[in-house]
Amino acid sequence: LLVLDEPTAVLTPQETKELFVAIRNLVAEDKAVIFISHKLNEVMEISKVITILHLGRVIKTVGVCDTNARDLANMMVGREVCWEMNKADQEPGEAMLEVSDLRAADAKGVETVRGLNLTVRAGEVYGIAGVDGNGQSELVRGICGLCKKTGSVFIAGADVTKAAPRQILDKGVAHIPEDRQGMGVVMQMPIRQNLVLDTFYDEKFGKGVFLDWKAVDAHAEYFVEHYDVKTPNTDNDIRSLSGGNQQKLVVGRELDKKPRLLFAVHPTRGVDVGATLFIHEQIIAARDSGCAVLLVSTELDEIMELSDRIGVIYEGVILGEMDRADATYEKIGLLMAGKKEKERAAEAAC
C-alpha cells in the first residue's frame, strides 16, 4: 500500500507525467495506491475510484467514469460552485513595478535571487511560475523591504530600494504573504484586531495611541459579511477559523486598501475550491480596477487562468517570459526544469 499526499506540489508538468507512469506500473503489479490531492484534473486522470471528503466526513465514493471535475468540486465544497471567470481583455498601463539586477539571500545567507529583472504594469497580472525554492520567497521579501538585497526597485517611478516596509506599503502596496499564519496574521489575536494590523494608525480607526473600537468593530463586521467568513463573532481569536476563512480575511484586508500594486504569493494554498474561486475573482477585480498584480504560485492552472504575462523563475532569475496567449503547459514546464529555448531546440534536433 502506497499513500501519496499532494505528491505533485513541487513537480513540473513533465515530472508529474513521469510520476503517473510509475503509479500505473505499481497498480499493474497489484499494488494499492491512495492518491490525495486537491488538483481535480490529476485526480480524474490517475484514479479509478474517488472518495470525496468535506469537513472531515466522507461525502461519497464514486467511480471516475461516473463523475466529472465540476461534480467533485460541488461535493468538496458542499454547494454549487460557479466556474465562470470574467476576465476581460485590457491594455496595461504604466510600469508600476520595475526590478533591476535584484539579488537577495535566504535566512541561511544563501543567495537565491541572482540578478533578477522584471516589470509589472498597471492593470495586468504578471504570474511567476516555478518549482518552490527557486527564489520566489526572497524575491517578494526583497521588494517589500523584508530582507537585505542589492540592485534596484522602483514602485510607480519612485526608488524604494532602501525604503522600510511601511514606506513601501504607503506607496499603495498590498501583500498577501505566502505563509498566512506566520506572516499574515497573529493567531492569538482577535479577528477584528488582525484586520487592522498594518492600518491601525489610519485616522478612521482612531487618533494617536487611542483606537476607536466602534470603528474597528464595524470594519470587522463588514469583512465577515462581505467575504462570507464563518465565525460567531469578530472577537474570537483568528486561530479559531479554518485555513480558508483565514485566507479570505487576509485577501480581503489587503484588497480593501485599494492598492496600486498587489503581491499575491500562493494566494489559494491550502484552501478549498469555493474559496479558491472567490479569491481568484477578487484578484481579477483588482486587476480590472487598474491594480498591478505580481502573482507567485506553484499551481500552473492558477498561473494560466489569472495571468496576462508569465515569467518562469529558475535558480533566482526569470529564465523565460511570455504573453499568456503564447503560453503552454509544456513550454512553462520545460522552463521550470531549467531548459531555455535554444536547449529545447537542440534536444529536438537530436
Side-chain angles (χ1 to χ4, degrees), residues 87-104 112-130 134-178 251 254-255 257-267 280 282-297 302-314 316-327 332 335:
K87 182 185 172 189
D89 293 334
Q90 66 178 18
E91 285 294 323
E94 63 182 351
M96 192 58 59
L97 172 66
E98 297 170 277
V99 177
S100 299
D101 194 29
L102 188 73
R103 295 178 179 273
T112 55
V113 181
R114 303 180 176 95
L116 186 144
N117 302 284
L118 65 81
T119 299
V120 186
R121 295 171 291 181
E124 76 166 349
V125 177
Y126 185 102
I128 293 186
N134 276 279
Q136 296 96 319
S137 298
E138 292 72 32
L139 167 63
V140 176
R141 292 181 185 220
I143 295 172
C144 293
L146 297 172
C147 69
K148 292 182 179 180
K149 61 182 178 293
T150 61
S152 66
V153 178
F154 284 76
I155 294 176
D159 187 351
V160 297
T161 307
K162 297 182 179 180
R166 180 178 287 190
Q167 292 173 315
I168 292 172
L169 291 177
D170 288 343
K171 294 291 183 183
V173 174
H175 181 198
I176 300 169
E178 61 181 306
V251 171
E254 298 308 303
L255 291 178
K257 301 171 184 176
K258 302 295 187 290
R260 294 193 293 173
L261 173 61
L262 170 68
F263 295 98
V265 188
H266 307 300
H280 285 179
Q282 302 306 307
I283 290 174
I284 293 301
R287 169 255 198 192
D288 291 346
S289 69
C291 178
V293 181
L294 182 66
L295 169 68
V296 178
S297 179
E302 185 167 64
I303 291 289
M304 295 287 273
E305 183 171 1
L306 299 183
S307 302
D308 298 295
R309 286 192 299 137
I310 298 171
V312 181
I313 191 170
Y314 179 76
V317 298
I318 299 297
L319 195 62
E321 188 177 274
M322 65 203 81
D323 290 335
R324 169 61 184 87
D326 300 325
I332 294 175
L335 286 167

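Keep in mind the model is a prediction, meaning the values are calculated, not measured.
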Would a 4.5 Å heavy-atom cut-off, applied to side chains only, mark Ile168 and His175 as touching?
no
Nearest heavy-atom approach of Glu302 to Ser297 is OE1-OG, 2.7 Å
I'd like to check Met304 versus Ile310 (side-chain heavy atoms, cut-off strictly below 4.5 Å). Are they in contact?
yes
In Å and rounded to the nearest 0.5 Å, what is the CG to CD distance from Asp326 to Glu321?
11.5 Å
Heavy atoms, side chains only, cut-off 4.5 Å: are Lys258 and Ser289 in contact?
no
Taking all non-hydrogen atoms of both residues into account, name the closest pair between Ile128 and Ile303 and its distance.
O-CD1, 3.6 Å
Counting C-beta onward and ignoring hydrogens, is there a side-chain heavy-atom pair between Val173 and Phe263 closer than 4.5 Å?
yes
Rounded distance [0.5 Å steps], CG in Leu102 versus CG in Asn117
8.5 Å
Donor-acceptor pair, side chain of Lys149 and main chain of Ile143, under 3.5 angstrom
no
Is any side-chain heavy atom of His280 closer than 4.5 Å to one of Leu306?
yes
Arg103 side-chain N/O to Gly151 backbone N/O, donor-acceptor pair under 3.5 Å
no
Could you tell me the separation between the CD atom of Gln136 and the CD atom of Glu178, rounded to the nearest 0.5 Å?
8.5 Å
Please report the interatomic distance CD(Glu124) to CG(Asp323), rounded to the nearest 0.5 Å.
9.0 Å
Heavy-atom side-chain proximity of Leu139 to Leu118 below 4.5 angstrom
yes
Closer than 3.5 angstrom, by distance alone: can the side chain of Gln90 be matched with the main-chain N or O of Gly123 as a donor-acceptor pair?
yes
Heavy-atom nearest pair, Ala292 first then Val120, reads CB-CG1, 3.9 Å
Where is the tightest heavy-atom contact between Arg309 and Ser307, given as atom of each residue plus distance?
O-CB, 3.5 Å
Dump the intermediate steps for salt bridge (charged side-chain N to carboxylate O under 4.0 Å, His left out) on Arg287 and Asp308, then the final yes or no.
CA-CA 10 Å; Arg287 169 255 198 192; Asp308 298 295; 2.8 Å; yes
Check for a donor-acceptor pair, side chain of Glu98 on one end and backbone N or O of Thr119 on the other, with a separation under 3.5 Å.
no
Heavy-atom pair of closest approach, residues Ala129 and Ile332:
CB-CG2, 3.9 Å
Atom pair CD/CD1 of Glu305 and Ile283 - distance to nearest 0.5 Å:
10.5 Å
Can you confirm whether more than 12 heavy atoms, excluding those of Lys257, are under 6.0 Å from its NZ atom?
yes
Closest heavy-atom contact between Ala122 and Gly290?
CB-O, 3.5 Å
Is the side chain of Asp159 donor-acceptor paired with the backbone N or O of Thr161 at a distance under 3.5 Å, no angle test?
yes
Please round to the nearest 0.5 Å and tell me the distance separating atom CD1 of Ile176 and atom CG of Leu294.
11.5 Å
